[in-house]
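Bear in mind the structure is a predicted one, so any value in this text is a computation, not a measurement.
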Amino acid sequence: MEKYFNASYIWESFPMLLPYVKVTFLVAGLSVLFGTILGFILAAMKLGSSRIARKIANGYITALRCTPSIVLLFLVYYGLPAIAENFGLLFDNVDKLVFIVITFSLQFAAAMAEVIRSAYQSIDKGQFEAAVSVGLSDFQAYRRIIFPQAFVVALPNFGNSLLELIKEGSLAYTIGLIDVMGKASLIIDGRFNAHALETYIALSVIYWVISIIIEQVFLKLEKIFSKGKQVIKTT
Amino acid sequence: MDFKFLVDTFFVALSGVPIALIITIISLLIALPLGFMLALTRINKIPVLQRFAQVYVSFIRGTPVIVQIFIVYSSVPLLLTSLFEKYHIDKNVYDINPIWYAFIVFSINTTAIMIEIFRSAIGTVSKGQLEAAYSVGLTNVQAFRRIIIPQVLVTALPNICTATVNLIKATSLGYAMSLQEITLRAKVAANVGYNYVEAYLDIFLVYLILCSLVEYVFKRYEKRLSKYKTAHA
Amino acid sequence: MLEIKNIHKSFGPNEILKGVDLKIEKGDVVVILGPSGSGKTTLLRCINFLEKADQGHANFGDIDVNLNTATKKQIHTIRQKTAFVFQNYNLFHNKTALENVTEGLIIGRKIPKAEANEMGKKALDKVGLSEKYDAYPSELSGGQQQRVGIARAVVLNPDIILFDEPTSALDPELVGEVLSVMKNIAKEGTTMLVVTHEMSFAKDVANKVVFMDGGVIVEEGPPKEIFSKPKEERTKQFLHRVLPEDYIFYI
Ligand SMILES: Nc1ncnc2c1ncn2[C@@H]1O[C@H](COP(=O)(O)OP(=O)(O)OP(=O)(O)O)[C@@H](O)[C@H]1O
Ligand SMILES: [Mg+2]
């Protein structure tokens with residue numbers, strides 16, 4: 001390893017890394033999609049009246065909360081093909097991306113289940129009753145009254161979960177995904193481990209900027225949606 | 001499924017628990033007071049420090065822990081080498097126990113998390129509590145020690161619990177510093193016969209038990225601390 | 001005993017106190033009346049340094065402090081000589097009733113715990129809470145909480161107790177219990193400076209009533225004079241608004 005620090009390697013790293021931000025976003029986007037769907041199901045199980053469903057959902061959420069991403073990732077990566085084999089399926093040709101998206105969808109679902117549940121529970125029961133009392137059906141009451149209010153409550157927590165997801169997603173490089181993180185490792189390998197620090201600094205700046213942008217976007221969204229709330233109030 | 005391996009490796013993974021716990025405890029011992037003080041600088045708007053705390057929190061929360069680990073793991077040796085050369089200390093930086101790097105990374109990381117936790121918790125204690133403390137003749141320090149901090153701790157406790165669980169989970173990244181913790185130990189055991197599924201099941205179980213226990217302890221402690229809130233005769 | 005001179009206080013561009021002077025003798029019960037926003041709370045808070053005045057002096061018998069430039073030590077000394085009863089009680093949430101009352105004794109005054117507990121229990125007995133030593137504020141009604149607040153002030157045996165609308169956060173049926181406690185401690189000769197809208201308390205207990213408006217003292221005097229023949233137009237208007245007319249004639 002070279003024993004000096006050269007800032008020009010930081011600048012050199014940016015153009016090499018940036019194209020791979022796409023892959024990072026792809027993993028995050030797919031995981032958000034599938035994770036949110038599963039999250040809704042889990043939240044419904046938690047809020048529903050079936051005791052068994054509630055137990056299962058709670059168990060799932062606790063287990064995932066306690067599992068490091070990297071452990072879950074390898075559990076899925078090695079475990080899923082092993083299970084599939086028992087059913088005579090071969091997973092050899094499956095893209096790594098699939099395992100990664102499954103891992104982070106499972107994890108994101110656990111976070112989303114809690115976000116959805118707490119948002120739902122934060123809405124006053126009276127809102128539903130009032131909606132039904134003016135003649136809305138149950139479904140209409142949820143869609144038109146409960147959901148829009150719960151959405152505003154859930155927004156900041158959803159933003160936080162998304163940030164966590166993007167950061168944890170960096171671990172996908174351990175099974176060989178070439179996202180920004182994976183590309184950074186490749187660059188470092190290509191330089192025979194020299195100037196690793198400079199590359200990691202560039203990488204951290206990229207993540208930092210992504211986080212700040214997402215944070216700002218969610219702050220804006222929150223403002224827009226809660227503003228809407230006030231307009232409704234005053235008119 | 002190799003059950004004998006499964007059972008044996010469970011204990012291998014378990015043997016990594018002390019290291020994970022030591023790192024967790026040391027990091028908390030550093031992060032709790034430091035985070036509290038830096039949170040105060042933000043609340044009291046102390047010029048330079050509050051700006052520093054703000055950027056610090058933003059950076060740590062905006063970057064993956066693994067990247068933070070790599071940055072510390074590749075920058076500290078560079079710094080130390082030049083220091084050692086300057087002062088003619090005959091010591092090889094590569095002999096340093098990786099646990100020191102772990103202490104550094106996880107303390108830096110956890111401190112940032114604590115700043116945010118305490119900032120929001122301090123905000124929930126009303127100014128009236130401080131004023132009442134002054135009005136019965138307590139000094140600033142006494143008021144904080146006896147009235148404000150106990151109340152802040154109770155509100156912050158659930159978040160401190162989450163942070164602790166996340167910290168324990170994050171120690172699984174110690175592999176990047178060749179730290180002999182839970183994950184690395186079990187993985188090395190699996191390398192011999194490619195029993196990765198069993199190994200990761202064991203690792204999963206160990207973290208599940210460890211984190212559930214931590215959550216349980218926190219819940220108990222929270223109940224005891226917050227009896228003034230829930231107490232209803 | 002306590003003399004305050006020329007307090008000025010602004011919040012941003014708004015001057016809230018525009019030179020207030022007040023003199024209180026030992027054993028006095030002084031009630032401050034005045035419309036909302038006239039600066040009553042601000043005045044009390046400045047006296048106890050919960051707000052820093054822009055200008056002004058306070059003379060506590062032996063010591064004289066500048067309310068703007070007082071040192072930490074002076075502030076601490078004054079706070080040891082005064083006690084404050086808050087509108088919203090501000091009981092320490094994490095302490096029982098007894099611990100609330102003894103906190104200032106044990107920590108502020110370094111009185112041994114056993115002795116402090118004795119004093120604390122006596123103070124709670126005095127406000128009728130012998131049953132509630134170990135109750136947390138969350139287990140007490142508003143009236144009970146405010147009585148603990150009063151006990152917490154009384155137990156310190158301060159030169160003066162400052163009350164800021166001690167009953168205005170209470171349900172009407174709980175106001176009586178707090179007022180009667182205040183009457184009792186007034187009878188014992190405690191010096192009190194009370195901001196309140198309870199006219200009956202001003203009339204029956206105070207020996208001096210101060211009427212504030214717009215950051216200045218408009219008029220002051222014995223309650224009989226203020227209530228039956230106020231001199232200033234603003235005082236008349238205020239009393240007219242807060243008292244039923246026949247009540248004024250009745251006095
Ligand atoms: N911390 C503050 N910052 C800015 N303005 C303040 C502050 N505290 C009080 N004020 C303003 O000072 C004015 C006087 O307030 P104060 O609380 O002293 O009135 P008050 O006579 O006690 O009224 P009330 O009877 O409603 O309690 C009000 O207009 C208030 O808005
Ligand atoms: Mg007031």
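By a heavy-atom distance cut of under 4.5 Å, A:S170, A:L171, A:Y173, A:T174 are the residues of residues 169-180 of chain A near chain B, going up by number. Interface residues of residues 103-121 of chain A toward chain B, defined by a heavy-atom distance below 4.5 Å: none.
Proximity to chain B involves both the backbone and the side chain of A:A63, based on heavy atoms less than 4.5 angstrom apart. Contacts of A:N86 with chain B are absent, with no heavy-atom separation under 4.5 Å from either backbone or side chain. Contact annotation for A:E168: neither backbone nor side-chain heavy atoms come within less than 4.5 Å of a heavy atom of chain B. Contacts of B:S58 with chain A are made by both backbone and side-chain atoms, with heavy-atom separations under 4.5 Å. Residue B:E215 touches chain A through its side chain alone, counting heavy-atom pairs closer than 4.5 Å. In this structure, chain A has heavy atoms under 4.5 Å from both the backbone and the side chain of B:S212. Of the two parts of B:L201, the backbone and the side chain both hold a non-hydrogen atom closer than 4.5 Å to a non-hydrogen atom of chain A.
Contact check for A:I70 versus B:Y175: side-chain heavy atoms found under the 4.5 Å cut-off.
Sorted by first then second residue, the ring pair (Phe, Tyr, Trp, His ring centres under 6.0 Å) pairs that include residues 100-125 of chain B, not counting sequence neighbours, are B:F36-B:F118, B:Y73-B:Y101, B:W100-B:F103.
Heavy-atom minimum distance, B:L208 versus A:T62: CD1-O, 4.4 Å. When every heavy atom of A:L75 is checked against every heavy atom of B:V197, the shortest pair comes out as CD1-O, 4.3 Å.
No more than 12 heavy atoms of other residues, nucleotides or ligands sit less than 6.0 Å from atom OH of B:Y216. Annotation for A:R54: atom CZ counts as buried by contact number, over 12 foreign heavy atoms lying within 6.0 Å. Within a 6.0 Å radius of CG in B:D95, more than 12 heavy atoms belonging to other residues, nucleotides or ligands are found. Counting heavy atoms of neighbouring residues, nucleotides and ligands inside a 6.0 Å radius, atom CD1 of A:I52 does not exceed 12 of them.
The OG atom of B:S74 lies 7.5 Å from the CD1 atom of A:I201; values are rounded to the nearest 0.5 Å. To the nearest 0.5 Å, the span separating CZ on B:F204 from OG1 on A:T67 amounts to 4.5 Å. Rounding to the nearest 0.5 Å gives a distance of 8.5 Å between CG of A:L73 and OH of B:Y200. Distance check: B:L78 CG to A:H195 NE2 gives 9.5 Å after rounding to the nearest 0.5 Å.
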Show which side-chain atoms of residues 60-67 of chain B pair as donor or acceptor with protein atoms under 3.5 Å away, not counting sequence neighbours.
| residue | atom | partner | partner atom | Å |
| --- | --- | --- | --- | --- |
| B:T63 | OG1 | B:F59 | O | 2.9 |
| B:T63 | OG1 | B:Q68 | NE2 | 3.0 |

* **Test side-chain contact (heavy atoms from CB on, under 4.5 Å) applied to A:M181 and B:F70, step by step** => CA-CA 11 Å; A:M181 180 77 198; B:F70 282 134; 3.5 Å; yes
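The backbone N or O of A:R65 sits less than 3.5 Å from a side-chain atom of B:K169, completing a donor-acceptor pair.
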